[in-house]
Every structure is written in structure tokens, then in C-alpha cells.
There are 2 protein chains.
Amino acid sequence: MVCRSRRHQPTAGGLTIDDVIKGSPTLEAVARLAGVSRATASRAINGGSRVSARAQQAVNDAVRQLGYTPNSAARSLVTRRTDSVALIVPEPDERVFSDPFFARTLHVVTNVLSERDLQVVLLIARPNDDKQRILRYLHRRTVDGAIVVSHHRDDGLSDEVATLKLPSTFVGRPWTSADQVSWVSTDNIDGSHKATRLLIERGCRRIGTIAGPADMTVGQDRLVGWRRALAEAELPDDAVVHSDFTEAGGIEAGRSIMRAHPDLDGLVVASDLMAAGALRALAAAGKRVPDDVAVTGYDDLGISEHTDPPLTTLRNPITEMADQAARLLLEQLDGSATAPRRVIFTPTLVRRLSA
Amino acid sequence: MVCRSRRHQPTAGGLTIDDVIKGSPTLEAVARLAGVSRATASRAINGGSRVSARAQQAVNDAVRQLGYTPNSAARSLVTRRTDSVALIVPEPDERVFSDPFFARTLHVVTNVLSERDLQVVLLIARPNDDKQRILRYLHRRTVDGAIVVSHHRDDGLSDEVATLKLPSTFVGRPWTSADQVSWVSTDNIDGSHKATRLLIERGCRRIGTIAGPADMTVGQDRLVGWRRALAEAELPDDAVVHSDFTEAGGIEAGRSIMRAHPDLDGLVVASDLMAAGALRALAAAGKRVPDDVAVTGYDDLGISEHTDPPLTTLRNPITEMADQAARLLLEQLDGSATAPRRVIFTPTLVRRLSA
DNA sequence: CGGACTGGTGAGAGCGCTTCCACTCTCGTG
DNA sequence: CACGAGAGTGGAAGCGCTCTCACCAGTCCG
């Protein structure tokens, strides 16, 4: 009883035993120490509109003195915001960590979002095992929004996000619900078309491709661009091998495509990492690049300069894409976005020695 | 009033207009649909002790029918748990994504923790900018615990974690508070000592080292091991260059150490990635490895087999370390850990061609 | 000098959940 | 047959926060 009455006495600066014992200080403690109400303390802490200079100062001091940090669960419960967003990467983690694309994207996204004090949570989901776990995670609304990178046909993400009406941006065109969610992408058909055209103009007549996974739109679109250019030149388009965007996959694919089509004189590869692998396979098979086989990569993220020979490739404006993706998400979080938007960038051809 | 009375009527299966309008269903709605109290519904959902089979079934059905997912903020507020833990990497993100060590660690940690339905949140903190942000994050207790990888001298993490009494494990010996937090590590002094001994036994007499960052215990310890072996053999230990565990850093360091000490016949490098860089620098300088200069790496995470020549290196049991780190954290979360624990693994020498 | 504002404030009502506690029924036992 | 044990249940009290609303000065205008 004594304790109880003491506790509620609003003596400015009067801290009770309770405050000292308790783990982290609450808003209540701050308010009491500052000699104001909880409401005023809350206002002062959250960007003080309608708070007198005196009260503001008192609260600031109390916060500092107690080392107060708001309890985020309590805050989220009422604001229905968590101030964190997920960067979802539905890929096995080996790939995430070997492909510089993800590093760059994470970097840029984190930078843009941290301007608004949003915490980026990286969720790496192995495609099959974790599908349900990720969907549950989103459903629970542990994050205010999501940026999905490297989305696959059956991961269910675009539909889930669309039905949940969760603010989100996809990097790369989603398979489904494409007109209900925002996304950024590059014109992969165009890029691949450019690469193939280059080989044709160079004189190649037997051009194969190492394509990306068939369950990703990037994979599909780059394949379409290659097909289209060959069709326009009335060249055969039967030399296709799908791989997984890794260097190891590229070696394997390079080996198998050369075995199946030994007469190839051009090779359009859907990523630099795979192209680096393919170059190794070609070297091992005794083929000179570009003299025997001309090769193009895709992405231009550093590796392409260090291969032997350096890769002719298509530069995707990854930085701009990631930046745009983050901003599209911000728009939605702000509520300023009216309808889903899409932004499509154009890749540019970078000529080096491989073609 | 009508609405209100209807709302509280415990008619099994009776949903009110409110339920339909509201976004996500609450426990209240589940309870009403199941014809039980909120308390019973909660018990049923959380692993039903003291719940009749009938009630359990009714709640299960209601959950399914409504697509109910508990609101995590509300739950955390009362349980004081968030069911998520942070993997903190105080490194610029370029490094995180180029070093396979992190990929492996993340992979293992995620696997172990997901057995317990813990969500792993990856926090990459650029050392200087984000120091405060990370500390604030931990302070707010947005996570139940943390695993800190690649901790630096001045990042404040070990002290913060110790004073917050936040369950945590460090991978690599922390600089301060080392007896107040749990950590796993390998015996880096021993490993580096072994590498240096090997070179000495091989006949090298002028052995330099490319050391890791001086503000990391790994960097320091591996340097100490090298020094110790040289001292034992009464050889000079003045050829030291510090670098940053990246390949680019290794090239630069290799170049500069050879310039300063052209007579070097052995080089102990504190990581495979740096060693790969050093090999390039040596090749560029016209030195043959191992004939002119014998080289050792450290870590053995894949790259070491693909360098030219393949690296003799020390294998750290990364998988076991990460596994152990996760389990030490689990112990603390369970409350079964009494005192901070440390686990130290022994590195093993892997001989390839570079030494 | 009354009325309409306006800046500043605190009381209090929740947000959706878990959990303590008190209560009601069974049973099995002395 | 009374009684205690134990299983199953619901009422209600919070967790720590935000935010509406009512209120109380002052200030300004007609």
C-alpha cells in the first residue's frame, strides 16, 4: 500500500524503488521523472508537436538520465507499424553470397531506407523448405513492407504479397500478380537481343546460349531476346542449356553445350558468373575466345573485367534499380502511392575482349 | 448497443460484422467462432496444455477458417520474447558478401535456430556509421539474442551485450568482457604457429606475414602465432603488413611486402582470400610459388583449392563453430546456461602445393 | 467585455495478446 | 457419502505504448 501510493505520486524527479528494480525504464518512469504526464512524454519523444519548450527539455533530460528506449512491441501494437522492412531473397544462401548483385542491392536498399530509420531485415529463403516460413512471416506482419529480389515462379510471393496488400517492390518482373504489385526491372529481352545481334554482326552463325533458370523471369526474358535476334537473322536457335547463375553451373553448362554442339562459334550467356565458368570450360576444351567462340556475359558487376579474356557484357544499372525499388516501397509506406508502379531500365552493351 | 451485445454473445460459429470488416482476425474472433474464451483459445494455440480435445479441435478449425495468425507485437509485449535473434556482422557489406565464411556461418546458424522456430535477422553494420544504430537496436530488445561475427575492437558490442545481459555468442574471441559473454573460436595462435613451422621446416629463413586487421582478435592472434614460431627458430619477425581480409587487400599487401623485403622466401597469410591476392602479386613480380616463395593461407573455404598453385592452408571447422555458437545461444535463451561458456576448436593443416 | 481560438496538457481508452486466479466439474478414495 | 485432487475453463488484469478528447489557461478580435 505504501509502495503503491508512493508510486503514483507525481513528484517531479521522484523515482520510486520500483523504477530502480525494473529492468528497462518505461515511459511512465520518464514521465514521472520529468514531472509530466505519460501523454506529454510520448509527444515529446515522438517529435514534439504541441509540447512546451520546458516540458520538452524535462523529458529529454529524463530520457537521457534513465537511458530510456521505447519498447518496440508496445509501440507497434498501437501504431501498427514495425519500422522494419524485409529484403527477401528466395535463393539458397550459397548463391546469395557469391553473386555481387545481392551485395550491391542490399547495400543500396539499406542506405535508402535507413534515411527514414527503417531497419532492413534480410530473409534468405531456401526455395522449397522455407516457402511456408516466409509466407507466415509476412502474414504475421512482422515487417511493414518487403522488397523481393530474385523471385521464382512457384514461390508464391507475389500472390501472397498482393492479397495481403503488403507494401512491396519486386526487383525483376514477378510471374503473377504483375499488375498488382510494384516492380523494377531492366529490359532483359532487349539486352539479350543486343548481345546476340553483336555476335551476329561479328560474323557468328552458330550461336548457343547458356540461359538462366527457367522459373525466373530474368531467365526467360534473356532467352527470348536471344531467340528473337536469331529468328530475325534466320539462324538456328536450338543450342540452349539452362543453368543456375553460378560459376560452377556455368562450367558444367559450357562443357555440355560444347559437347552437344561442337560447331558453336558464339555463346550468349545469361550472367557474368556463368560466363566466367563457361570461359573456363571453353579454355579446357581448347577453344580460343573470341577467335573460335565469341562469348557475351550479362550484368557487368566486377567479375566481367577479371575473366580471361575480359567479358563483353550488358550493364544493368543495379544501383539505380535498387534505389528505385527502395523508393517505390517508401512511396507505399507513406501512403502516397496510388497504384502499383513499374520502372524499367535499359541495359547498355559494354564491349571488352570476349566478343 | 445491438452490435455490442451481439458481439459478446458466445454463439459458436457466430461471426459479427466487425470480424468481417476488420483486417486480420484477432484471437477474440477465433475464440468466438470456436465457442470458447480467449484464454482457452490462447492455450490451444500455444501448444494446448490443459485444453480438452473438443476445445482444441474447435480452435484449430476456427484458426484455419479465419486464416488467423497471432499478432507478434501483442505477443511480444506480454511474453517479452520476440522469437528472433540477430546475426550481427560489423563489416562493410562488400566483405560480407565476398567472404564464404559468412555464408557458411549464416547458413548453419539459420538451420540450427530454425529448429526452434527462431527467425534469424541479419544485421550488417558498417563499422563506424552504424555503430550507434546497432547498439540502439539491441537496446530496444527487438531480438531475444545475438550472435556476433567478426567483432572489432571499438565496436562496443561485447560491452553493450554484457551490460544489457542480452543472450549472445561471439564467434571469435571478443576484446573486452571476454569472461562475461559466451564465445567460440579456434586457436588462431596455434594455427598460425603451425603454418610458420611448416615453412621453417621446409627451409624458409626469411618469412613475412600478411596479417589481418589489428583491431580484430583473429588478426592479432594469427600474428602472435607467426611471431612465436619465428622466435623459437630465432628468425627475424620484422616483415609484417596488415591488410583487411579481402583479395584486393591481399594483392596490395603482397606487392608492398615484396617491395619492402625482396628477399622473402616464405609468406604466412592470415586468410585464403588475402593469400589468393598475394599469389597474384607474387606472380606479377615474377616469383614462383613455392620455389621462390612458399605461401600459406588460412581458413580453407573453397578458394584455397582454386588458386594457382592451390594453397596450403589451415582448416577452421567453421561449420562446427557456427553450430556451437548457435547452441550456446539456445542454452542461454532456454535459461539452462548458468555461466558464460567458451568453446575453442583446433585448426588443422591442409597441405597443397603452395608450401 | 464576451466569445472564439489556440497552444499545452493529462485522463483514460484501448492495441491483441498471455497468464494468474478463481471457479466448476468430474472422479477416485477413505 | 463427504472430500480432496486435478482437469478444464473463463474473467480479468495487465504488458508499454499512442492518441483521442476534454479541459484549462491565455490571447485576440469585434
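As the structure is a prediction and not an experimental result, all values here were calculated from the model. A, B, ... follow the sequence lines: proteins, then strands. Residue 1 opens every chain.
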Might you list the N or O atoms of the protein lying below 3.5 Å from N or O atoms in nucleotides 18-28 of chain D, with each pair's distance?
residue, atom, partner, partner atom, Å
D:dT18, OP1, A:Asn46, ND2, 3.0
D:dT18, OP1, A:Arg75, NE, 2.9
D:dT18, OP1, A:Arg75, NH2, 3.1
D:dT18, OP2, A:Ser42, OG, 2.7
D:dT18, O4, A:Arg38, NH2, 3.1

Measure all distances between protein nitrogen or oxygen atoms and nitrogen or oxygen atoms of nucleotides 4-6 of chain C, and list the pairs falling under 3.5 Å.
none

### Query
Is there a side chain to side chain contact (heavy atoms under 4.5 Å, CB included) between B:Ile147 and B:Val85 once you walk through the steps?
CA-CA 8 Å; B:Ile147 293 183; B:Val85 308; 5.6 Å; no
### Query
Can you check side chain to side chain contact (heavy atoms under 4.5 Å, CB included) on A:Val184 and A:Phe170, steps first, answer last?
CA-CA 6 Å; A:Val184 301; A:Phe170 281 68; over 6 Å; no
### Message
Run B:Leu87 and B:Val121 through side chain to side chain contact (heavy atoms under 4.5 Å, CB included) and show every step you take.
### Response
CA-CA 6 Å; B:Leu87 183 71; B:Val121 172; over 6 Å; no
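Annotation: of the two residues near DNA chain D, B:Leu77 and B:Ala53, the 5′-most nearest-nucleotide partner is B:Ala53.
For the atom pair A:Ser150 OG and A:Glu91 CD, the distance stands at 3.0 Å (nearest 0.5 Å). Note: B:Ile88 CD1 to B:Leu122 CG = 10.0 Å, rounded to the nearest 0.5 Å. Rounding to the nearest 0.5 Å gives a distance of 11.0 Å between CZ of A:Arg141 and OG of B:Ser72.
Applying the side-chain hydrogen bond (donor to acceptor under 3.5 Å, both in side chains) test to every pair with at least one member in residues 157-167 of chain B, sequence neighbours left out, gives these pairs: B:Ser158-B:Thr176, B:Asp159-B:Thr176, B:Asp159-B:Ser177. Within the structure, side-chain hydrogen bond (donor to acceptor under 3.5 Å, both in side chains) pairs that include any residue of residues 322-332 of chain B comprise B:Asp323-B:Arg327, B:Glu331-B:Arg341 (at least two apart or interchain).
For the helix from C:dC1-D:dG30 to C:dG30-D:dC1, the terminal axes (five pairs an end, C1' atoms, rotation from four pairs onto the next four) enclose an angle of 50°, given to 10 degrees.
Across C:dT9, D:dG16, D:dT9, the shortest atom-to-atom separation from the side chain of A:Ser52 is found for C:dT9.
As rounded to whole Å, 9 Å separates atom P of D:dC17 from atom CD of A:Glu28. Between A:Asn71 atom CG and D:dG14 atom C1' there is a gap of 14 Å when expressed in whole angstrom units. With rounding to whole Å, B:Arg32 atom CZ is found 14 Å from D:dG10 atom P.
Residue A:Thr26 has no polar side-chain atom (N or O) positioned under 4.0 Å from OP1 or OP2 of D:dG16. At least one side-chain nitrogen or oxygen of B:Arg80 sits closer than 4.0 Å to the OP1 or OP2 atom of D:dG16.
Salt bridge present: B:Arg136 and A:Asp117 bring a charged side-chain N and a carboxylate O closer than 4.0 Å.
The side chain to side chain donor-acceptor pair (under 3.5 Å) check on A:Arg116 picks up A:Asp334, with sequence neighbours excluded.
Backbone-only contact: A:Ala55 has heavy atoms under 4.0 Å from sugar-phosphate atoms and none from a base.
Although no hydrogens or angles enter the test, the distance criterion places no donor-acceptor pair under 3.5 Å between the side chain of A:Thr169 and the main chain of A:Leu328.
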